[in-house]
Structure formats: structure tokens, C-alpha cells
Amino acid sequence: MAKKLFIETLGCAMNVRDSEHMIAELNRIERYDLTQDESEADLIIINTCSVREKPVNKLFSEIGQFVKHKKKSAKIGVCGCTASHLGEEIFKRAPDVSFVLGARNVSKITQAVNSEKFLDVNINYDESAYAFGEFRQNPYKAYINISIGCDKKCAFCIVPHTRGEEISVPHELILKEAEKAAKSGAKEIFLLGQNVNNYGRRLSGGKKEEFNFSQLLTQISKIDDVERIRFTSPHPLHMDDEFLEVFSSNPKICKSMHMPLQSGSTAILKAMKRGYTKEWFLERAKRLRAFAPQTSISTDIIVAFPGESERDFMDTMDVMEEVRFEQIFSFKYSARPLTAAAQMTNTLDDKTASARLKMLQERHAAILDEMTPSYADKIFEVYFEELRDNGFAAGRTTQNNTVCVKGGKELLGKIKSVKITQPQRLILYGQVI
Ligand code: 5AD
Ligand code: SF4
């Protein structure tokens with residue numbers, strides 16, 4: 001009889017893919033069916049994120065709940081970035097956990113599950129060329145890792161300490177995976193890495209990859225069954241004209257770009273070690289919209305980084321006004337161990353941080369309210385990938401807007417022209433034409 005697996009995935013798309021890899025690897029040896037109910041699971045895995053402090057605290061209370069409700073024989077494993085970061089400490093704080101597996105050690109999941117107690121959080125382990133088993137939670141969209149780790153040293157970010165140095169996956173493997181996924185129905189290929197547009201920096205063993213990111217995108221677009229290509233996250237520093245040219249001119253590349261700003265203040269960007277200024281970022285965003293005017297731009301913003309003055313914060317507000325991002329992921333700065341910023345003493349109080357976050361989010365909601373009516377009566381190509389309640393099917397435009405229409409599973413996996421009838425801030429309602 002198949003075993004039951006409860007897997008909780010926190011954090012970013014890289015973690016989503018790591019969870020898929022774990023499910024695939026486990027199923028190579030014996031069958032595991034997924035369950036949403038931890039009390040019937042034989043195996044409970046928490047795939048963690050450590051980018052901010054809050055989720056880390058939540059982890060231990062959650063493990064406590066799992067211990068209370070789980071089957072007696074069920075094992076609990078902690079994987080992902082918090083596993084890399086806390087390592088053995090997890091066993092000390094939660095003795096019922098039977099394995100701790102770091103973010104760069106996913107291929108060892110079977111070994112971990114079959115051991116009495118297992119710990120491996122080596123951030124130098126290189127599984128960039130490992131051929132994982134096949135599993136996709138969404139049959140219409142294929143996540144594919146193109147690199148692991150990150151070489152940047154952003155002062156706030158713990159990721160280089162949990163996912164190690166940046167190594168690209170050889171292009172032959174990526175192309176093979178994309179071909180296979182597209183043939184089996186995934187019209188959309190979603191390339192993943194901490195720093196995707198730095199692709200080709202180094203291969204396993206220090207060899208040189210012959211393709212850069214722009215060339216990789218071009219090669220993937222030549223696969224017949226691939227209709228859409230997305231990627232996350234690019235770094236603004238590597239958005240050169242060659243990249244913008246390929247991005248804008250290739251019709252298979254979705255016209256939505258994530259440009260993580262982090263701060264609009266040149267002084268704060270310097271303290272963050274981001275490598276660009278306010279003006280430089282604005283120029284790149286402008287250039288992107290000049291190359292591909294229909295592109296929607298999303299961003300990440302951190303407020304109240306140590307030393308952020310009112311004027312610095314106003315620079316961030318200013319960039320938001322100028323670029324008019326379609327989507328913003330905004331966070332209060334959270335001090336993370338092992339990072340350069342954790343040593344900074346000029347920290348801000350939580351009241352100021354909360355007030356700034358609120359102001360930023362409210363202004364952004366108002367910007368969206370100004371933009372939303374303009375979607376009415378427009379026609380978009382929508383790739384349907386999900387059923388919603390009350391007889392709606394949901395999909396995305398190439399600009400990454402969510403569109404809902406009345407309809408069922410006959411729409412899934414199809415690209416249809418949709419006329420927007422009722423645009424709302426987060427969902428555009430429309431009709432297939
Ligand atoms: N505090 C707050 N936000 C952070 N991020 C990364 N590290 C921190 C931190 N220490 C945010 C950044 C990044 C996103 C994934 O999470 O904006 O782009
Ligand atoms: Fe963190 Fe910077 Fe790497 Fe992104 S690019 S993961 S923000 S260090």
C-alpha cells in the first residue's frame with residue numbers, strides 16, 4: 001500500500017521545485033501519495049525558508065503541532081534554508097525531528113528518510129548536474145532549476161549562507177528537461193535561480209558554460225512545444241541591453257519582469273551592497289519599457305534597513321511613483337544571522353518600520369486602483385492552469401495578471417483570447433472570445 005506524505009513548502013519558487021524533487025526522489029523507491037492531512041501521514045516534511053525571522057520562529061511551534069497530531073510511527077523531517085542555517089540545533093529544540101536536510105542536499109532525501117537520525121546541511125554539496133526524478137505539481141507549468149546558490153553578498157540576505165556559491169546547471173540538461181516537460185503538456189517553462197541572468201557564471205568543477213542567460217532563453221524558445229517562458233529572479237545589475245533586446249524581441253518570453261529594487265536610496269543601496277544607484281535602476285526600468293512597452297514590472301522592497309532616514313525612504317516612494325510597478329513584495333527589514341547587516345547598530349524601531357511599510361503598501365494599492373480600470377475591454381492571451389470555486393477557471397496573461405472566466409477543465413492547458421469585462425485589483429474577470 002502507498003505511504004502518505006504531507007509536505008509543507010514555505011518561501012520561494014526554488015523551494016517549490018525542491019519539494020517536487022523530493023517527492024520524485026521518494027517515489028523512485030516506494031509510492032508516496034500526497035495528503036493535506038498531517039494526522040494520516042507516514043512522513044511529514046517541512047521545506048523551510050529563512051529569509052526573514054518570523055517564519056523561523058513559526059517553525060518550532062508548527063513542529064510541536066505536528067508531534068501532537070501525527071501518527072505514532074510518522075517521521076518528521078526539516079528541509080530547506082532553515083535546515084541549512086540551524087542544522088543540529090533543530091534536533092536540540094525539536095527532538096522528535098528525525099532528519100534535517102539542507103537546501104543543497106535535496107538528492108539525499110531517500111537516505112535521510114531511511115535513516116534513524118540524519119543530518120546533512122553541507123552548503124558546498126554540488127547537485128547542479130544531478131538528474132532528479134520527475135514530478136510536477138502543476139502539469140501545465142514546468143519549473144526548471146538553471147542554477148543553484150548565489151554569489152552576491154547583499155548585506156541583508158542569508159541565502160548565500162544557506163544555498164552556497166552559485167553554480168549553473170549545464171545547458172544540455174536544462175534543454176532536455178524543457179523538451180520533455182513541454183512534450184508532456186507544460187506549455188510554460190519557468191526557469192529558476194537565485195540570480196538567473198547571471199547564468200553561465202560557473203559550472204560544476206569550475207568549467208565554463210558556453211551559453212549566457214540570453215542565449216539560454218533563445219535556445220529554449222526554439223523548442224516547438226514551448227509556448228511561454230518565464231524566469232525568476234533576475235538581478236537588475238545583469239539587465240544589460242543584450243538581455244533586454246532578447247527579452248523584448250522573443251515572443252515566447254512572457255512580458256513580465258521582476259526587478260528587485262530593495263531600496264530607492266543610493267546611500268541605502270550602497271549599505272546593502274546592491275551594486276547600483278537609484279538613477280541607474282530608474283534608467284534600466286525606463287530602458288526596459290522602451291524595449292518592450294507592454295512589460296509589467298514587479299519588485300521586492302525592504303523598508304527600514306539600518307540607517308534608513310525619512311529621506312531615504314522617500315527615495316523608495318519616489319522610485320515607486322516613477323516606475324509604477326504592477327506588483328510589489330514589500331517587507332520590513334529583518335536582521336538575519338551571518339549577514340553583514342546583522343552587525344549594523346543603526347537599526348530602526350518597529351513603529352517606524354511598520355509606518356513606512358503601511359505607507360508604501362497603501363500608496364501602491366492606490367497606484368493599482370488607478371491602473372485597474374484601464375484593463376476594461378482589453379483582450380489578452382490567457383494560459384489557463386487552475387480551476388477556482390463557483391465555476392471559474394483561472395489563468396495568466398503574459399504580463400502575469402490573473403484572469404478568471406466562467407469555465408471548467410476544458411480550458412486547462414489552453415491559451416485563449418479573453419476580453420476583460422470586470423477588472424479588479426488582483427483579478428481581471430473576463431470572457432473567452
Ligand atoms: N529582511 C527583509 N526582507 C528580506 N529579503 C531578503 N532578506 C531580507 C531581510 N533580511 C527580501 C528581499 C528579497 C526577498 C526574497 O526577500 O526583498 O528580494
Ligand atoms: Fe539575496 Fe542578493 Fe542573492 Fe537575492 S541576489 S538571494 S537578495 S544575496
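In this text, all values refer to a predicted model and were calculated from it rather than measured experimentally. Counting starts at 1 for both ligands and their atoms, following the listed order.
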Numbered atoms of ligand 1 (with element) below 4.0 Å of [X], judged on heavy atoms:
X: Ile302; result: 3 (N), 4 (C), 5 (N), 12 (C), 17 (O)
X: Arg336; result: 10 (N)
X: Gln262; result: 12 (C), 13 (C), 17 (O), 18 (O)

Exercise: do Lys141 and Asn138 side chains pair donor with acceptor under 3.5 Å:
no
Is it the case that the side chains of His258 and Thr232 hold a donor-acceptor pair, with the cut-off being a distance below 3.5 Å and no angle test?
no
What part of [X], side chain, backbone, both or neither, has a heavy atom within less than 4.0 angstrom of ligand 1?
X: Phe331; result: side chain
X: Pro260; result: neither
X: Val51; result: both

Listed partners of Glu209 passing salt bridge (Lys or Arg N to Asp or Glu O under 4.0 Å), at least two apart
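Once residues adjacent in sequence are excluded, Glu209 has no partner under the salt bridge (Lys or Arg N to Asp or Glu O under 4.0 Å) criterion.
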Who pairs with Arg136 by salt bridge (Lys or Arg N to Asp or Glu O under 4.0 Å), at least two apart in sequence or on another chain?
Glu177
Ion pair check, Glu370 and Arg363, cut-off under 4.0 Å:
yes
Answer with yes or no whether Lys332 contacts ligand 1, where contact means a heavy atom under 4.0 Å from a ligand atom.
yes
Does an N or O from Tyr333, backbone or side chain, lie closer than 3.5 Å to an N or O of ligand 1?
no
Could Arg228 and Tyr383 be counted as a cation-pi pair, given that NZ or CZ must be under 6.0 Å from the ring centre and within 45° of the axis?
no
